[in-house]
Amino acid sequence: MKRTRYWWIIAVAAIVALLASVAQARAQGASGNGGVAQYSGLSAAQRANLLGIARDTWKFYGVDVDPATNLPMDNLTFAGGSATPTSEGHYTSAANIGVYLWAVVSARDLGLINEEQAKDRVQATLTEVSHLQRYDGFLYQWYDTTNGDVLLNPGQGDCTPGTAPTNNNCFFLSNVDNGWYASGLIVVRQAMPELAHLADSLIAPMNFGIFYDNRAETHCNTNPAITGNQPTGQMFGGYYVGLPPYQGNNAAQYYYHNGAFYSDPRISAYIGMGLKQMPGNVWWRSWRELPPPAPFTDCQSTDPDFSWQGQWPMGGSWQTYTDPQSGQQFPVWEGHYTYPGSNLTFIPTYSGGMFEAMMPNLVVPETSWGTSSFGLADARTVQVQIKYATQQLHDKVWGMSPSSTADDSGGYSGYGVEGLAFPYYGTGANASHPNEGLSQCHGCATEDVVTPHASFIALDVAPQQAYDNIAALRADYPGLYGADGFFDAVNPTTGAVGHRDLVLDQSMIMAALDNALNNRAIQRDFARDPVSWAARTYLSLEKMSL
């Protein structure tokens, strides 16, 4: 009896120790994941197929990086499905450089290159970047990949040093492009600690505060006391070096704001707030949907009339949020669009494109931290894309997003689910004459081209539906897939293909595959970085009307 009790005590102690070790391992795993949820939803066979696509896609970078500078070229064209490039886009941008860094890290994570090869590639590119002309660490709009000089525009020649500042691309710093550039540096310094010092040296001079409109705010959507009735507290679309926004007549160049928050420029808000260079105001003052006049008497006649937007009137309500940093309170329009004839509610993008909505989720774990905010909005975006393409357009595949044209002209255009098939009354829409579109803008994009990158960025929120669509794209349009993976565009009705690859779109595919096949690796890199505190805090705080 005593011996039995002894062994029973030993067994219980062993079980307790085992449970404790499992709990400790889980805690360590959660800490290492930075609070990023575990990824699942794909079978072993599906994972193997996607890894094969990643292997093919990575071949693109063997040709795309310009050997003269180690900078990624914007695009390669393989006219007629040629096995080798028929033309090369010898220009690049801040965004191209940032997403190329994701792609190298992803290739390393997926075993397509080894650690040393990844290090050599990233170090070579960042060393070149450190010698490029920059402004306070920020990159200009375009660079010539053959010599690293700043370009006015692709095909229009290098900028002339020493000329007086003006509002062209020789002096323009894009807010969103530099957000993507910074995201690449953040991923590198977490994924490749041996290069953290180099990434840190490039991040250190950057102050995203230059993109923030810090002029006086009101409780209205705009401030009528400022010329142009400006939506202060939001981000400017960019910054002109030598022409700061608050001096002389420069203000006219800064009327455009990245005010539609469910779009790719929100990456700059995540990073700008995370670096404590922008206040929390930018989160609350930016618009999820283009709002009705704020709920105060003095705002009714001064706030902009957005009755022209795709869906008006819309459901929703004004909610008051207290900023966790300043304690200031903000009225926020928590609205939604509703897919006509259904109860599917969603947050629109400006022109209905998928990367507008979901590109930030490749880096920032919105699906983990924003289950009642942007993570939920990401999932609804995919549902809208699928529903509209299959039920309204009767296409075999879905996934509309800005991409190359579905031909070999080398063109690029906007494509998105705008809901052009639904009623649109126009300016002055009301309950009797409602607008029922699916994007904020009507007629800003067309609905006749599908791009593969859209399916890959959907893998995070709809694994099976995205995988099935990827498989359908490859099976139903065999000319869409080449030696370097998917080409950029197909017309789902005619089958016409745009035999072109963009480093932006290929890199979205690489990062999406790393997240899907390696337990959200790119998201976890971001989550480990100190800058991520702002995204985690604000995403978890907000509850959208969805």
Side-chain angles (χ1 to χ4, degrees), residues 50-67 70-93 95-104 106-107 110 112-113 121 125 142-143 145-146 154-155 177 180 184 353-355 359 362 397 399-415 449-457 469-470 473-474 477-492 495-514:
L50 290 176
L51 182 59
I53 293 173
R55 186 175 293 109
D56 290 340
T57 304
W58 177 246
K59 296 174 186 175
F60 161 80
Y61 298 89
V63 184
D64 181 68
V65 178
D66 196 316
N70 296 298
L71 296 174
M73 290 183 279
D74 183 83
N75 63 81
L76 301 176
T77 299
F78 301 81
S82 169
T84 57
T86 54
S87 68
E88 301 173 340
H90 287 277
Y91 53 93
T92 199
S93 67
N96 287 344
I97 293 168
V99 300
Y100 169 64
L101 298 175
W102 302 349
V104 178
S106 296
L110 295 170
L112 307 179
I113 56 176
R121 277 182 170 267
T125 298
W142 297 112
Y143 291 86
T145 63
T146 66
D177 282 16
W180 294 124
M354 282 214 19
F355 90 63
M359 190 173 170
L362 290 169
V397 291
M400 297 181 208
S401 188
S403 71
S404 299
T405 52
D407 53 37
D408 289 341
S409 67
Y412 184 88
S413 190
Y415 304 103
V449 167
V450 164
T451 180
H453 77 250
S455 299
F456 287 91
I457 62 179
N469 202 51
I470 291 166
L473 284 167
R474 193 168 180 179
Y477 307 98
L480 185 58
Y481 199 89
D484 299 338
F486 281 100
F487 293 116
D488 203 44
V490 63
N491 181 312
V497 170
H499 299 99
R500 196 167 182 240
D501 288 330
L502 276 61
V503 70
L504 177 70
D505 296 359
Q506 297 296 87
S507 297
M508 283 193 275
I509 290 173
M510 288 296 297
L513 288 171
D514 195 13

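Here OG1 of T125 is found 6.5 Å from CG of L71. Values are rounded to the nearest 0.5 Å. Note that OH of Y477 is 12.0 Å distant from CZ of F486, once rounded to the nearest 0.5 Å. Atoms CG and CD1, on L504 and I509 in that order, are 10.0 Å from each other to the nearest 0.5 Å. Note: F78 CZ to T86 OG1 = 8.0 Å, rounded to the nearest 0.5 Å. We find the NE2-CG distance between H453 and D488 to be 7.0 Å, quoted to the nearest 0.5 Å.
Between W58 and I113 the shortest side-chain heavy-atom distance falls below 4.5 Å. L513 has its side chain out of reach of S106: every pair of non-hydrogen atoms, C-beta onward, lies at least 4.5 Å apart. The shortest side-chain heavy-atom distance between L362 and V99 does not fall under the 4.5 Å cut-off. Between W180 and I97 the shortest side-chain heavy-atom distance does not fall below 4.5 Å. In this structure, V449 and T405 have side chains that are not in contact, with every pair of non-hydrogen atoms separated by 4.5 Å or more. Looking at M510 and L112, their side chains come closer than 4.5 Å, going by heavy atoms from C-beta outward.
Of the N and O atoms on the side chains of Y100 and D64, not one donor lies less than 3.5 Å from an acceptor on the other residue. No side-chain donor-acceptor contact under 3.5 Å links Y61 and D484.
Contact between I53 and Y481 at its shortest, heavy atoms only, is CA-OH, 3.5 Å. Between S403 and A489, the shortest heavy-atom contact is OG-CB, 4.0 Å. Here the shortest heavy-atom pairing between P85 and L76 reads CG-CD1, 4.3 Å. Closest approach of V490 to L480, counting heavy atoms only: CG1-CD2, 3.8 Å. Across S507 and A103, no two heavy atoms sit closer than the pair OG-CB, 3.8 Å. Contact between S455 and N469 at its shortest, heavy atoms only, is OG-ND2, 2.8 Å.
With hydrogens and angles disregarded, a donor-acceptor distance shorter than 3.5 Å links the side chain of D408 to the backbone of G80. Looking at T92, its side chain does come within 3.5 Å of a backbone N or O of P72 through a donor-acceptor pair. Side chain of S93 to main chain of N96: a donor-acceptor pair is present (N/O by atom type, distance under 3.5 Å, no hydrogens or angles). With hydrogens and angles disregarded, no donor-acceptor distance shorter than 3.5 Å links the side chain of T77 to the backbone of R500. Side-chain N or O atoms of S401 include one that pairs as donor or acceptor with a backbone N or O of F355 at under 3.5 Å.
Of the residues listed (T146, D74, D66), the one engaging H90 in a side chain to side chain donor-acceptor pair (under 3.5 Å) is D66, and it is the only one.
Under the side-chain hydrogen bond (donor to acceptor under 3.5 Å, both in side chains) criterion, Y143 pairs with no residue, sequence neighbours left out.
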| request: Please lay out, stage by stage, how Y415 and T451 fare under the test side chain to side chain contact (heavy atoms under 4.5 Å, CB included). | output: CA-CA 9 Å; Y415 304 103; T451 180; over 6 Å; no

